[in-house]
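As a basis for the values below, the full set of heavy atoms in this structure was taken, side chains included, without hydrogen atoms, waters or symmetry mates. The structure presented is a predicted model; accordingly, all values stated were derived computationally and were not measured. Atoms within each ligand, like the ligands themselves, are counted from 1 in listed order.
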Amino acid sequence: MLALGKLLELTLTDHEPAEKTQVTPKGVRLRWLGEGALEVRPAESEDCGLDLLLSAGIHGNETAPIELLERLLHGVANGQIKPRARVLFLFGNPAAIRKGERFIEQDINRLFNGRHELSSGFEALRAAELEQFARVFFSKPERTRLHYDLHTAIRGSKIEQFALYPFKEGRKHSRRELARLAAAGMEAVLLQSKPSITFSAFTYEQLDAEAFTLELGKARPFGQNEQVNLDKLEARLVQIIEHTEPETDASLDGLKLFSVAREIIKHSDSFHLHLPADIENFSELSKGYLLAEDLAETRWVVEEEGARIIFPNPKVRNGLRAGILIVPDSGQRLE
Ligand SMILES: O=C(O)CCC(=O)N[C@@H](CCC(=O)O)C(=O)O
Ligand SMILES: [Zn+2]
């Protein structure tokens, strides 16, 4: 296997490879771009015109997706996977990955779309660097752009694998991309309804990529991910990379759709979330339920029929999202 296939090892040991570019016997070029960043380029005659960005480890303790990217990269480097797409592999927060923590100083996934400019510290610098890697990668005209940012969640979930689809004014969510996600094992998609400051929102809003955050199970340390079954996603990603994906019809194959009713924002240290600590994502909340309270007698009461909660987290910094209240979506606005 080409040494650059060991991007995870290089990243975990904080090593820069002596040789920055290597080529497989079939002419696939691997190029180390910087810490945790590697570009794969097929021979020109093989190139199918797709630019695929695969990122993981934006949160350092979410190891199953990092292990998945490592398997894909090994496959490319040892010739078992035959890429026909350009692929950029990114490990988002190397320092946090080395420590096995979600972040060191602040959550990188709240620093995109300009937010890093208002902040300081190495995570702000890394967010700027990740934006630049993505900007350069997606700068080639007339190519198809796709980004999957892979995560696992802090808590268990009634729906194990799901995607979050960013929002941009005037741009419609694609039924074809949803069908592709269903084929990759996603059981649900949350259609966002306002701009955001996450990595997938950046590539969607600013770089014109189809982009998704994928939530793939519960976060666990390296080597302890037997319960996170990524077989379907992995098989689909190999097909996308090799350009052997079967034509999907537009059928969403039982995929559940949700939209955001409200984001719960923590405004102060007085914020209190009235949910059990072990509540699972997608738990239903009944109308009238007092979900949270904050200073100045702010009360978050559930008003929506069929409401569910995802990502409840009262420990976030003031000003950030402490949960999302979601409702079922009919999919009528899909393109
Ligand atoms: O489990 C949780 O509370 C958070 C899991 C996680 O990291 N989710 C992503 C979602 C990103 C998005 O909204 O697209 C995050 O919170 O950054
Ligand atoms: Zn995450």
Would you please indicate yes or no on a ring centroid separation below 6.0 angstrom for Phe199 and His147?
yes
Is it true that Thr198 lies under 4.0 Å from ligand 1, counting heavy atoms only?
yes
With the Zn ion (ligand 2) as the reference point, give the N/O/S atom of His151 that is nearest.
ND1
Could an N or O of ligand 1 be found under 3.5 Å from any N or O of Asp107, whether backbone or side chain?
no
Could you walk me through whether Glu305 and Lys287 satisfy the salt bridge (charged side-chain N to carboxylate O under 4.0 Å, His left out) test, starting with their C-alpha distance in whole Å, then the side-chain angles of each, then the deciding distance to 0.1 Å, before giving a yes or no?
CA-CA 6 Å; Glu305 201 67 62; Lys287 260 172 114 171; 3.6 Å; yes
Following the transitive rule for hydrophobic clusters with a side-chain heavy-atom cut-off under 4.5 Å over Ile, Leu, Val, Met, Phe, Trp and Tyr, establish whether Leu216 and Phe91 coincide in one cluster.
yes
Out of Lys315, Glu215, Lys218, who is nearest to atom 6 (C) of ligand 1 when you count heavy atoms only?
Glu215
Output, in order, the C-alpha distance, side-chain angles, deciding distance and verdict of salt bridge (charged side-chain N to carboxylate O under 4.0 Å, His left out) for Glu234 and Arg71.
CA-CA 9 Å; Glu234 189 162 349; Arg71 286 196 296 278; 2.9 Å; yes
Just to confirm my numbers, could you give the angle made at the Zn ion (ligand 2) by OE1 of Glu62 and ND1 of His59, rounded to 10°?
110°
Basic-acidic side-chain contact under 4.0 Å: Asp51, Arg145:
no
Same cluster or not: Leu88 versus Leu52, using hydrophobic residues (I, L, V, M, F, W, Y) connected whenever any side-chain heavy atoms lie under 4.5 Å apart?
no
What protein heavy atom lies closest to atom 1 (O) of ligand 1? Include the residue and the distance to one decimal.
Ile154 N, 2.7 Å
Ligand 1 to His59, heavy atom cutoff 4.0 Å, flagged ligand atoms 7 (O), 15 (C), 17 (O)
Does Thr152 reach ligand 1 with a nitrogen or oxygen that is under 3.5 Å from one of the ligand's nitrogen or oxygen atoms?
no
Considering Leu190, Asn109, Thr213 one by one, which has a heavy atom nearer to atom 17 (O) of ligand 1 than any of the others?
Asn109
Under a 4.0 angstrom heavy-atom cut-off, which atoms of ligand 1 come close to His151?
7 (O)
So which heavy atom in the protein is nearest atom 16 (O) of ligand 1, and how far is it from that ligand atom?
Arg110 NH2, 2.7 Å
Closest to atom 2 (C) of ligand 1 among protein heavy atoms sits Phe311 CD2, 3.4 Å
Please lay out, stage by stage, how Phe138 and Leu53 fare under the test side chain to side chain contact (heavy atoms under 4.5 Å, CB included).
CA-CA 9 Å; Phe138 284 139; Leu53 166 51; 3.7 Å; yes
Stacked cation flag Arg171 on Tyr204, 6.0 angstrom / 45 deg
yes
For Glu62, take its heavy atoms, then give the atoms of ligand 1 lying under 4.0 Å from any of them.
7 (O)
Expected output: side-chain Glu129 to main-chain Ala124 donor-acceptor under 3.5 Å:
no
